[in-house]
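One structure below.
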Amino acid sequence: MNIVKKIIVYLGGLLTITIGINISKMTVMGISPVSSIPRACEQIWGLTLGTTTFIAYILLILGQLVILRKDFRLWNVLGLALTVIFSLMLDITGTDPKAIGHLLIDFPRPEGYPMRFVYTIASCIIIGIGVFLYLRPNWVPMPAEGLALAISQKTGIVFGNCKSIVDTTMIVIAMILQIIYLGGFESFFLKSVVVREGTVIAAIGVGQVVKFLAKRWAKPVEAWLNAGEEPKAAA
C-alpha cells in the first residue's frame, strides 16, 4: 500500500510542477531556471515545450555520465524514464495545440502587468508544492538536480551551491540562445519571454515555498507514506 501512496505522491508532484511551469509560460515574464533552455529552444525550433525539455534533460543526464564516469549508476539511468514522463506531462498540461494534450489551452491568459505578476507568484507556489511532493519519497531526482548532485559528489562542493551553479549556467545559456537566435540584444531586453523578472522570482520563490512546506509538512507526509514500515536497524 505504501508503494502506491509513494507513486501517487511522486507522480502527482511532477504533474503539479508541469502545471506551474505552463502557468509561468503564460505570463511572458520569464520561466523557471531549469526550463529556461527548453523554453528558448521551443521559441527557436517551434517544437513543444515537452519535446525541447526532453532534449535538454537528456543532455543533463549525459553531463552526469561525463562527470561521474565509472560512478554513474542505475539511479542516474532512471533519470531517462523520469525525463520521458515529465516531458509528456509538460505537453499534456500545456497550451500548445501541436502537443499530444493541452489541458490549459483554454485557461484564462493574464492581461496587464499586475495579473501577469499574480500568475508568476501563483506559478512559483504551484511549482514549489510540486517539488515538495515529488521529493518526499526520496526517489530519482530531476536531471538538473541529478547534475548538481554529480558535481557535488565529485568536487565536494555543497549541493546547494552546485544547484545554484547549474541553474545560473542554464539561465546564461538560455540568454545566449535568445540573443543569437531571437532578435539580438534589443529583442532580448524589450521582448524576452525566456529570461526576465519572472525567472528571478522563480529562482528565489520556489525554494522558499519548498522550505516553508518542508518545515511544516515533511514529517507528517513522510510518516503517512511510510506508515506501518519497520524502522531500519542501525548498521
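Within the structure, the ring pair (Phe, Tyr, Trp, His ring centres under 6.0 Å) test picks out no pair touching residues 206-226 (sequence neighbours left out). Residue pairs meeting the ring pair (Phe, Tyr, Trp, His ring centres under 6.0 Å) criterion with at least one partner in residues 6-36, sequence neighbours excluded, are Y10-Y134, Y10-W139.
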Name the atoms and distances for all side-chain donor-acceptor pairs under 3.5 Å in residues 60-67, with sequence neighbours left out.
unit_1	atom_1	unit_2	atom_2	d
Q64	OE1	N76	ND2	3.0
Q64	NE2	P143	O	3.3

Hey, can you pull the donor-acceptor pairs under 3.5 Å for the side chains in residues 29-37, sequence neighbours left out?
unit_1	atom_1	unit_2	atom_2	d
S36	OG	P33	O	2.6
S36	OG	M170	O	3.3

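In this structure, the side chains of M175 and V195 come closer than 4.5 Å at one or more pairs of heavy atoms. A heavy-atom distance below 4.5 Å is not found between the side chains of Y181 and W45. Using a 4.5 Å cut-off on side-chain heavy atoms (C-beta onward), P97 and I105 make contact. The shortest distance between side-chain heavy atoms of I17 and I126 does not fall below 4.5 Å. Counting heavy atoms from C-beta outward, K98 and L47 have side chains that stay 4.5 Å or more apart. The shortest distance between side-chain heavy atoms of R39 and K25 falls below 4.5 Å. Under the 4.5 Å side-chain criterion, counting only non-hydrogen atoms from C-beta, E42 is not in contact with T53.
Not counting sequence neighbours, the partners of E197 by the side chain to side chain donor-acceptor pair (under 3.5 Å) test are Y113. By the side chain to side chain contact (heavy atoms under 4.5 Å, CB included) test, A218 pairs with F132, R136, A214, E222, sequence neighbours left out. A search for side chain to side chain donor-acceptor pair (under 3.5 Å) contacts involving R116 returns nothing, not counting sequence neighbours. In this structure, K5 has no salt bridge (charged side-chain N to carboxylate O under 4.0 Å, His left out) partners at least two apart in sequence or on a different chain. Residues satisfying the side chain to side chain donor-acceptor pair (under 3.5 Å) criterion with T93, sequence neighbours excluded, are T18, N22. Taking the salt bridge (charged side-chain N to carboxylate O under 4.0 Å, His left out) definition, one finds that K6 meets it with E229, sequence neighbours left out. For S152, there are no side chain to side chain donor-acceptor pair (under 3.5 Å) partners at least two apart in sequence or on another chain. Under the salt bridge (charged side-chain N to carboxylate O under 4.0 Å, His left out) criterion, E145 pairs with K163, not counting sequence neighbours.
Side-chain heavy atoms closer than 4.5 Å link hydrophobic residues (I, L, V, M, F, W, Y) into clusters, and following such links, possibly through other members, connects I92 to V84. Clustering ILVMFWY residues whenever any of their side-chain heavy atoms sit less than 4.5 angstrom apart, transitively, puts V200 in a cluster other than the one holding I165. Hydrophobic clustering (side-chain heavy atoms under 4.5 Å, transitive across Ile, Leu, Val, Met, Phe, Trp, Tyr) keeps I204 apart from V118. Linking ILVMFWY residues whenever their side-chain heavy atoms come closer than 4.5 Å, directly or via other members, leaves L147 and V158 in distinct clusters. L82 and L149 sit in two unconnected hydrophobic clusters of ILVMFWY residues. Membership requires side-chain heavy atoms under 4.5 Å apart, directly or through other members.
Of all heavy-atom pairs spanning C162 and T155, the tightest one is SG-OG1, 4.4 Å. Looking at every heavy atom in both residues, T27 comes nearest to S24 through OG1-O, 2.6 Å. Taking both residues in full, the closest heavy atoms of L177 and C41 are given as CD1-SG, 4.2 Å, listed atom of the first, atom of the second, then distance. Considering all non-hydrogen atoms of both residues, V28 and R196 come closest at O-NH1, 3.0 Å. Smallest separation of non-hydrogen atoms from V206 and C124: CG2-O, 3.9 Å.
Distance check, rounded to the nearest 0.5 Å: OG1 of T83 to CG of L78 gives 10.5 Å. In this structure, OG in S87 is found 8.5 Å from CG in L49, a value given to the nearest 0.5 Å. In this structure, N138 CG and N226 CG are separated by 10.0 Å, a value rounded to the nearest 0.5 Å. Distance check: M89 CE to I21 CD1 gives 11.5 Å after rounding to the nearest 0.5 Å. Rounding to the nearest 0.5 angstrom, the gap separating the CD1 atom in I201 from the CD1 atom in I121 is 5.0 Å. With rounding to the nearest 0.5 angstrom, the CZ atom of F86 is 11.0 Å from the CG atom of D91.
Each of I129, V131, I125 was checked for a side chain to side chain contact (heavy atoms under 4.5 Å, CB included) with I127, and the lone residue meeting it is V131.
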Could you go step by step and tell me if L88 and F54 meet the side chain to side chain contact (heavy atoms under 4.5 Å, CB included) rule? CA-CA 9 Å; L88 287 172; F54 175 79; over 6 Å; no
Step-by-step side chain to side chain contact (heavy atoms under 4.5 Å, CB included) determination, V9 to L225: CA-CA 9 Å; V9 169; L225 288 175; 3.7 Å; yes
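Within a 6.0 Å radius of CZ in F117, no more than 12 heavy atoms belonging to other residues, nucleotides or ligands are found. No more than 12 heavy atoms of other residues, nucleotides or ligands shown are found within 6.0 angstrom of NZ on K211. Summarising the local packing, CZ of R216 is surrounded by more than 12 heavy atoms from other residues, nucleotides or ligands at distances under 6.0 Å.
In terms of modelled atom types and a separation under 3.5 Å, the side chain of R109 and the main chain of D106 share no donor-acceptor contact. Under a 3.5 Å cut-off, the side chain of T16 and the backbone N or O of G130 do not form any donor-acceptor pair.
Counting only N and O atoms by type, the side chains of T51 and T48 include a donor and acceptor under 3.5 Å apart.
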